[in-house]
2 protein chains.
Amino acid sequence: MIIKQKKSTQAPISDTCEINCIHPAAVKQARDKALPLSTATDLSQIFQVMADPSRLRIISLLAERELCVCDLAAALGMSRSAVSHQLRVMRMSRLVKYRKEGRIAYYSLDDEHVSKLFTLGLDHLGHVSP
Amino acid sequence: MIIKQKKSTQAPISDTCEINCIHPAAVKQARDKALPLSTATDLSQIFQVMADPSRLRIISLLAERELCVCDLAAALGMSRSAVSHQLRVMRMSRLVKYRKEGRIAYYSLDDEHVSKLFTLGLDHLGHVSP
DNA sequence: TGAACAAGTGAACGCTTATTCATATATATC
DNA sequence: GATATATATGAATAAGCGTTCACTTGTTCA
């Protein structure tokens with residue numbers, strides 16, 4: 001989960017667009033309303049962090065209560081190293097926060113958007129494959 | 001975006017969990033509440049589809065109005081082939097639907113969850129990096 | 001002080017994925 | 001029928017990602 005700008009591979013905006021499209025008016029309007037590539041990239045990184053089964057299972061547990069790395073690993077049957085790597089990714093995207101008590105790190109969800117996205121995703125899943 | 005079950009690489013649930021965790025009661029409770037791996041995998045695929053700048057830009061346009069492949073490509077400065085590939089992925093996950101008029105395919109968002117996820121994601125983005 | 005242990009990290013391996021190029025399919029127009 | 005065009009698709013390549021393994025850091029407690 002490297003947080004960096006994706007190399008721009010899109011073709012330069014040129015007149016060919018005006019020529020090769022079917023509804024020039026719709027295209028012109030759409031081009032103004034399109035999400036800028038930079039914003040789309042930032043947003044994609046949030047969804048990218050949510051797009052892993054292990055991380056989603058971590059979120060499902062942290063939605064209930066804060067837990068330490070060790071207990072997360074035990075509850076999910078993952079290695080502590082794997083959990084720690086995933087938490088790092090989630091920390092960098094501000095999906096989780098943590099507090100330290102001695103050598104133990106207690107993790108919890110960072111804000112309500114995370115659990116909302118999680119819940120909304122589950123809703124959609126229910127509609128798509130009930 | 002191949003929709004298939006991820007090979008299970010997690011360790012089998014064994015007694016080591018009871019031994020190596022710090023708060024056994026919390027772990028026991030958490031293990032019951034954890035999202036099953038299969039559900040987590042299904043859900044991760046939805047977020048995976050949302051986790052690409054090109055697809056998010058397509059969604060941002062389709063949230064306004066239906067558009068054909070050609071116009072989407074023109075508006076986003078992408079090749080028609082690339083757009084078609086992405087629409088295929090989004091179609092398979094039921095994020096978009098389409099109708100055909102002759103040789104032209106008009107795409108639109110499949111249900112309100114998609115635009116809700118999109119909007120909620122943007123909200124979170126606003127909180128994280130305002 | 002030193003052993004035990006929770007957590008974090010870097011490298012590496014195997015797998016996934018987005019784009020491009022070439023081509024196929026299907027429809028409209030001549 | 002023949003041509004042009006809108007879309008779909010398959011193969012290939014390059015980039016990205018999740019896990020494991022080995023190791024480091026920092027804290028607790030005997």
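Computed from a predicted structure; not experimentally measured. Heavy-atom basis, side chains included; hydrogens, waters and symmetry copies ignored.
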Is the side chain of A:Ser115 donor-acceptor paired with the backbone N or O of A:Glu112 at a distance under 3.5 Å, no angle test? yes

note: A:Asp71, atom CG; C:dC5, atom C1'; distance rounded to Å ~ 14 Å

Answer yes or no as to whether C:dT19 has its base stacked against B:His85, where stacking requires a ring-centre separation under 5.5 angstrom and planes under 30 degrees apart.
no

query = Think B:Arg88 has a side-chain N or O under 4.0 angstrom from the OP1 or OP2 of D:dT9?
reply = yes

Rounded to whole Å, CG of A:Asp52 lies from P of D:dG18 at a distance of 5 Å

Phosphate OP1/OP2 of D:dA8: any B:Arg91 side-chain N/O under 4.0 Å = yes

Closest to the 5' end of DNA chain D, once A:Ser54 and A:Gly102 are matched to their nearest nucleotides, is A:Ser54

Within the 4.0 Å heavy-atom criterion, would you say B:Tyr106 contacts the bases, only the backbone, or no part of the nucleic acid? nothing

When rounded to whole Å, the NZ to P distance for the pair B:Lys100 and D:dT5 reads 17 Å

A:Leu87 CG to D:dT19 P, in whole Å, measures 11 Å

Next on the checklist: So does B:Tyr107 get a backbone contact from the side chain of B:Lys97, meaning a donor-acceptor N/O pair under 3.5 Å?
Outcome noted: no

Between CD of A:Gln45 and P of C:dA18 the distance, given in whole Å, is 14 Å

Whole-Å distance, A:Met78 CE to C:dA6 C1', equals 16 Å

Among D:dT19, D:dT7, D:dT20, the one nearest any side-chain atom of B:Cys68 is D:dT7

OP1 or OP2 of C:dA18 versus the side-chain N and O atoms of B:Arg55: is any pair under 4.0 Å?
yes

Inset, instruction - Could you tell me whether a side-chain N or O of B:Ser60 sits under 3.5 Å from a main-chain N or O of A:Leu35, the two making a donor and an acceptor? - result: yes

### Donor-acceptor pair (no angle test) under 3.5 Å: B:Arg103 side chain, D:dT7 base
no

Rounded to whole Å, the CD-C1' distance (B:Gln48 to D:dG18) equals 12 Å

Of the candidates C:dG8, D:dA8, D:dA6, the side chain of B:Ser84 sits closest to D:dA8

Taking for A:Glu101 and for B:Val69 the nucleotide of DNA chain D with the nearest heavy atom, the one nearer the 5' end belongs to B:Val69

Would you say B:Tyr107 places a side-chain N or O within less than 4.0 Å of OP1 or OP2 belonging to D:dA6? no

Legend entry - Sidechain-backbone polar pair: A:Arg80 side chain, A:Cys70 backbone, donor-acceptor under 3.5 Å: no

By side chain to side chain donor-acceptor pair (under 3.5 Å), A:Tyr106 pairs with (sequence neighbours left out) B:His23

ask   = When only distance counts, do a donor and an acceptor, one from the side chain of B:Ser81 and one from the base of D:dT9, lie under 3.5 Å apart?
value = yes

Atom CG of A:Leu72 and atom C1' of C:dA7 are separated, to the nearest Å, by 12 Å

